[in-house]
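One-based numbering along the sequence shown. Note that ligands are numbered from 1 as they come in the structure, with each ligand's atoms numbered from 1 the same way. Since the model is a prediction, treat every value here as computed from it, not as a measurement.
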Amino acid sequence: MSKKFTFDYDLIVIGSGPAGSAAATIAAREGKRVAIIEADTFGGDSPNWGDIPTNALLQAASLYDEARHGSRFGLRSNTLGYNYPSIRAWKELAVKRTGAGGNKKYYENQGVSPYVGLAHFLSPNEISVNRRHLSASNFLIATGAHWTIPEITGLQTIKYLTPRTILETIRPPKSLLIIGGDKAAVEIAQLMATFGTKVYMVEHSSHLLPNYDKEVGELMERVLGEQKGVMTLTQSKVVSVQKDGLSKRVIISRGGVEKLIRVDEILIANEKTPNVDLGLENAGVQFTADGITVNEHLQTSVKYIFAAGEVLGKYSSTHTALMESQTAANNILHREKIAPDYTANPEIIFTNPEIATVGLSEDECLKRKISIKKAIAPLSIVARSNTSDFRDGFVKIITDKKGIVLGASIVAPHAGEMVHELALAVKYGLTAYQVADTPHAFLSWSEAIRVAASKLS
Ligand SMILES: Cc1cc2nc3c(=O)[nH]c(=O)nc-3n(C[C@H](O)[C@H](O)[C@H](O)COP(=O)(O)OP(=O)(O)OC[C@H]3O[C@@H](n4cnc5c(N)ncnc54)[C@H](O)[C@@H]3O)c2cc1C
């Protein structure tokens, strides 16, 4: 009997988020016997607790915000209001329409055997799921990550929210303190502040969005502060929390000086920890608390066990998880191995204005000792800024000394769409001159890209 028939499956995928599902369906379509194991809700974060529900709420918030400020365009909006249960119902509809959330049947229809339960490795070829043992010749670990709960005195004694649980709150709290100032924190800060919550953000770095160029974080801090009354406390940390009747007392330390803030709710949205607690030592798979170790082909230290997505501890976006899943599927199915290409990977934050980046940031260029040229075009320079009465934003482009585009950051109303032009430039090594020389339509926000690129030509 050939080796592959000594196992129950050709491939077992652990985790049904984007990093798991793509590979499972690709392998099943190629005729492989595939199982997928999910401990919680099928579909993972993206359709259930991340991208889709958050974006649906942000869409409602953005419309509400625009309409409320419509008087400057001659609109009457004094009586405008919202009904939060209806907004939540809209979010549920958006989630349901994706068809990916909680849909076990989807996998059966794709010829994949779904199992509900926590997978745990017993040996390099065997896992247990609900006391059942399953074996396979290949594995893909796509277990994602969970919100890291910081060590703060008193935190265990109070109820706190995460970006997942805040989606289920009956109504926006009167006041909210967010621990963290990265992507999810900034999106939720704007969302809640738009619906009237008094928001505080506590971030230990010197600016919000510490992994982005500092102009981005500084602008968002100003926008959130001036327009939404969000109070950002940078270079600060939460020292202790305590229940105080229906509210919470939070002690924050900034440069050795302590400050007391009283809030209704606390949200933990600091950083994520990869889910590596699945008996990896029994399989001989190398890992650290920061994620599973893989080579360029996404193979772990055991060559037929692959890993993809947030469990690698590097990237945190659905399209990256999908790209890695497709790469892993190819490498499981075919002799010719490929590697994921991260060079032109866009990152989008769905605030208003949106934030989008691609390629290298200025800090990364510095770390890699790459000599660069850079240019910034403020949004106010383009005609669209006048007709939209919107000025908060910019396009920043970074090139190497020869003018080849290495990276870009955009803060603009449609930055998430605009960024793909610069992703193309980064991926195919185009110069700033080639970008500037491409016609950009009058009254598009993308004119700011042409202006920034022309400064580097
Ligand atoms: C608020 C928020 C907004 C976001 N918005 C966006 C966005 O707009 N665009 C974007 O690209 N990305 C966004 N993201 C990020 C995106 O959702 C994640 O990067 C993506 O879901 C990661 O996919 P994954 O498959 O690696 O992990 P996950 O989606 O987390 O899936 C992992 C799955 O593995 C399961 N699992 C874990 N351990 C086991 C085990 N031992 N056995 C069985 N199953 C297990 C988990 O239950 C989970 O379902 C957002 C995230 C959040 C939180």
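The cationic atom of Lys198 (NZ for Lys, CZ for Arg) lies less than 6.0 Å from the six-membered ring centre of Tyr200 and within 45° of the ring axis.
When the options Tyr106, Tyr107, Tyr115 are evaluated for a ring pair (Phe, Tyr, Trp, His ring centres under 6.0 Å) with Phe42, the one that passes is Tyr107. A side-chain contact (heavy atoms from CB on, under 4.5 Å) with Glu265 is found for one member of Pro172, Pro173, Ser247 and no other, namely Pro173.
In this structure, Tyr342 has its ring center closer than 6.0 angstrom to the ring center of Tyr315.
Salt bridge status for Asp45 with Lys272: present, with a side-chain N to carboxylate O gap under 4.0 Å. A salt bridge links Lys105 and Glu108; the closest N-O separation between the charged side-chain nitrogens and carboxylate oxygens is under 4.0 Å.
Looking at ligand 1, you'll find an N or O of Glu38 within less than 3.5 Å of one of its N or O atoms. Between Asn275 and ligand 1, not a single N/O pair is under 3.5 Å apart. Here's the thing with Asp45: one of its N/O atoms is less than 3.5 angstrom from an N/O atom of ligand 1.
Set against the non-hydrogen atoms of Gly117, the atoms of ligand 1 under 4.0 Å away are 42 (N), 43 (C). Every atom of ligand 1 with a heavy atom of Gly309 under 4.0 Å away is listed here by number and element: 26 (O). Numbered from 1 in the order shown, with element, the atoms of ligand 1 that lie under 4.0 Å from a heavy atom of Trp147 read 53 (C). Atoms of ligand 1 lying under 4.0 Å from any heavy atom of Ile14, numbered from 1 in the order shown and given with element: 40 (C), 42 (N), 43 (C). Less than 4.0 angstrom separates some heavy atom of Ser46 from each of these atoms of ligand 1: 17 (O), 21 (O). Atoms of ligand 1 lying under 4.0 Å from at least one heavy atom of Asp40, given by number and element, are 47 (O). Heavy-atom contacts of Gly17 reach the following atoms of ligand 1: 25 (O), 29 (O), 31 (O) (cutoff under 4.0 Å). Of all atoms in ligand 1, numbered sequentially from 1 with element shown, those under 4.0 Å from a heavy atom of Leu118 are 40 (C), 41 (N), 42 (N).
The closest protein non-hydrogen atom to atom 18 (C) of ligand 1 is Glu310 OE2, 3.1 Å. Among all non-hydrogen protein atoms, the one lying nearest atom 42 (N) of ligand 1 is Ala119 N, 2.9 Å. Residue, atom and distance of the protein heavy atom nearest to atom 11 (O) of ligand 1 are Thr318 N, 2.8 Å. Of all protein heavy atoms, the one lying nearest to atom 45 (C) of ligand 1 is Ala39 CB, 3.8 Å. The shortest contact between atom 2 (C) of ligand 1 and any protein heavy atom is with Gly50 CA, 3.6 Å. Nearest protein heavy-atom neighbour of atom 24 (P) of ligand 1: Ala19 CB, 3.9 Å. Nearest non-hydrogen protein atom to atom 36 (N) of ligand 1 is Thr143 O, 4.0 Å. Looking only at heavy atoms of the protein, atom 5 (N) of ligand 1 is closest to Asp51 CA, 3.4 Å.
Contact between Arg262 and Ser175 at its shortest, heavy atoms only, is O-OG, 4.2 Å. Minimum interatomic distance between Leu58 and Glu187 (heavy atoms only, all atoms of both residues): CD2-O, 3.8 Å.
Scored by the side chain to side chain contact (heavy atoms under 4.5 Å, CB included) test, Lys427 finds Asp341, Ala344 as partners (sequence neighbours excluded).
Residue Glu151 qualifies as open at atom CD: its count of foreign heavy atoms under 6.0 Å is 12 or below.
By the criterion of a heavy-atom distance under 4.0 Å, the backbone of Ala142, and not its side chain, is placed next to ligand 1. With a 4.0 Å heavy-atom cut-off, ligand 1 is reached by no atom of Phe42.
Using a 30° and 60° split on the angle between ring planes, Tyr84 and Phe195 fall in the perpendicular class, above 60°.
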Side chains of residues 327-336: which donor-acceptor partners sit under 3.5 Å, not counting sequence neighbours?
unit_1	atom_1	unit_2	atom_2	d
Thr327	OG1	Met323	O	2.7
Asn330	ND2	Glu336	O	3.2
Asn331	OD1	Ile338	N	2.8
Asn331	ND2	His297	O	3.0
Asn331	ND2	Ile338	O	2.8

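For the pair Tyr115 and ligand 1, no heavy-atom separation below 4.0 Å is found.
Under 3.5 Å, the side chains of Thr357 and Glu347 contain no donor-acceptor pair of N or O atoms.
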